[in-house]
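Since the structure is predicted, the reported quantities are computational estimates derived from the model, not experimental observations.
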Amino acid sequence: MKTNEIFMPENVALAAPIDRDFEFECAMLSLGKLPVVLCIGSDRVTGDCLGPIVGQMLIERGVNAFVYGTLNRPITALNLAEAVEHIKHAHPDKKVLAVDSSVGKLSDVGKIRVSFGAIAPGSADGKKLPKVGDVSVTATVTDAKKTPLSAVRLGTVYALAQTISARIIAGLQP
């Protein structure tokens, strides 16, 4: 699985080297027209709300995609399997971009990764949820040994969500 890391320095929005932009754009192009964007996470846990915030931003900015998972209707561990089944039936010919927060090393906090292939949501917590996505975007929001997901700063998550949503919108423009 090919992974593209984008480092976002604190207080700097949309910071990424040019070659990383090209790889991100390639990933977005591989999704085709009107893909499904599945934004995973809970609005009740700050470190896990990256997906719903990205979904909300995409909807509000009129992204050219079908979006599932917003602040008003989050896709969590409780309804992920149901959402995946719905997407398979409602959009059988569409590719899926999965967006989720991740836990990693302290040196990875603030990094955004774009991968070709599915992700396993909830794996950091030992959950056995369905793997999702043809392409995935994850952002490391914390080092679990240092800060639990419930104590992650909202500003950190929000800044990452702004960068991710802007990049998705730019990548999916017709």
Side-chain angles (χ1 to χ4, degrees), residues 1-9 12-43 48-76 79-102 108 110-121 129-141 154 156-174:
M1 175 163 41
K2 172 81 170 117
T3 299
N4 172 22
E5 288 184 7
I6 302 167
F7 177 70
M8 189 186 79
V12 178
L14 302 174
I18 298 297
D19 62 325
R20 305 290 188 194
D21 288 337
F22 177 74
E23 290 181 23
F24 192 95
E25 288 171 17
C26 288
M28 294 302 105
L29 285 172
S30 75
L31 295 169
K33 292 184 179 185
L34 287 173
V36 172
V37 182
L38 179 59
C39 301
I40 304 160
S42 172
D43 61 330
D48 197 32
C49 69
L50 177 80
I53 293 173
V54 169
Q56 192 71 37
M57 289 177 174
L58 293 175
I59 292 287
E60 290 173 359
R61 295 175 186 161
V63 71
N64 199 25
F66 298 100
V67 178
Y68 292 87
T70 63
L71 290 171
N72 294 327
R73 299 185 73 188
I75 302 298
T76 68
N79 62 357
L80 178 63
E82 179 183 336
V84 168
E85 283 304 309
H86 171 77
I87 290 166
K88 284 180 184 176
H89 288 85
H91 312 285
D93 59 334
K94 300 295 181 188
K95 294 211 176 176
V96 176
L97 169 63
V99 179
D100 198 5
S101 59
S102 67
D108 289 338
K111 287 186 180 178
I112 298 168
R113 289 182 177 81
V114 179
S115 302
F116 292 86
I119 57 171
L129 300 172
K131 290 185 177 184
V132 294
D134 297 291
V135 173
S136 60
V137 177
T138 60
T140 306
V141 298
L154 181 58
T156 300
V157 176
Y158 194 83
L160 289 164
Q162 284 181 311
T163 300
I164 292 168
S165 62
R167 306 274 314 269
I168 290 171
I169 290 168
L172 295 180
Q173 286 183 345

Query raised in the report: Who pairs with Phe66 by ring-ring contact (aromatic ring centres under 6.0 Å, His included), at least two apart in sequence or on another chain?
Result: His91

Report task. Can you see which heavy atom on Lys95 is nearest to which on Asp134, and at what distance? Result -> CA-OD2, 3.2 Å

Query raised in the report: In Å, rounded to the nearest 0.5 Å, how long is the span from CD of Glu25 to CG of Leu172?
Result: 11.0 Å

Requested in this report: For residues Pro52 and Ile40, report the shortest heavy-atom separation together with the two atoms involved.
Outcome: CD-O, 3.9 Å

Requested in this report: May I ask you to test the Met28-Leu97 pair for a side-chain heavy-atom distance under 4.5 Å?
Outcome: yes

Query raised in the report: Quick check: does any side chain N or O of Asp100 sit under 3.5 Å from a backbone N or O of Thr138, one acting as donor and the other as acceptor?
Result: no

Report summary line: Sorted by chain and residue number, the side-chain contact (heavy atoms from CB on, under 4.5 Å) partners of Asn72 (sequence neighbours excluded) come out as Gln56, Thr70

Report summary line: One should read off an interatomic distance between Lys88 NZ and Asp93 CG, to the nearest 0.5 angstrom, of 14.5 Å

Query raised in the report: Can you check whether Asn64 reaches Leu34 side chain to side chain, under 4.5 Å on heavy atoms?
Result: yes

Query raised in the report: Is Val54 close to Val63 at the side-chain level, that is, under 4.5 Å between some pair of heavy atoms?
Result: no

Query raised in the report: If you look at every heavy atom in Leu50 and Ala139, which pair is closest and at what distance?
Result: CD2-CB, 3.7 Å

Report summary line: Those residues at least two apart in sequence (or on a different chain) that pass salt bridge (charged side-chain N to carboxylate O under 4.0 Å, His left out) with Lys131 are none

Query raised in the report: Nearest heavy-atom pair of Phe24 and Ile168: which atoms, and what distance?
Result: CE2-N, 3.9 Å

**Report entry** Spatial distance of atom CE (Met57) from atom OG1 (Thr163) [nearest 0.5 Å]
**Finding:** 9.0 Å

Query raised in the report: Could you give the distance from SG (Cys49) to CG (Leu154), rounded to the nearest 0.5 Å?
Result: 5.5 Å

Requested in this report: Measure across Ala81 and Pro130 and return the closest heavy-atom pair with its distance rounded to 0.1 Å.
Outcome: CA-CG, 4.1 Å

Query - Pairs involving residues 57-75, ordered by first then second residue, that meet salt bridge (Lys or Arg N to Asp or Glu O under 4.0 Å) (sequence neighbours left out) - result: none

Requested in this report: Ignoring hydrogens and angles, tell me if any N or O in the side chain of Asn79 forms a donor-acceptor pair with the backbone of Pro74 under 3.5 Å.
Outcome: yes

Requested in this report: Of all the heavy-atom pairs spanning Tyr68 and Ala90, show the shortest one and how long it is.
Outcome: OH-CB, 4.5 Å

Query - Partners meeting side-chain contact (heavy atoms from CB on, under 4.5 Å) with Ala83 (sequence neighbours left out) - result: Ile75

Report task. State, yes or no, whether a side-chain contact exists between Ser30 and Val135 at a heavy-atom distance under 4.5 Å. Result -> yes

Report task. Could you grab the distance from atom CD1 of Ile53 to atom CG of Asp48, nearest 0.5 Å is fine? Result -> 10.5 Å

Query raised in the report: By side-chain hydrogen bond (donor to acceptor under 3.5 Å, both in side chains), which residues pair with Ser102, not counting sequence neighbours?
Result: Thr140

Requested in this report: Check step by step if side chain to side chain contact (heavy atoms under 4.5 Å, CB included) holds for Leu38 and Val99.
Outcome: CA-CA 6 Å; Leu38 179 59; Val99 179; over 6 Å; no

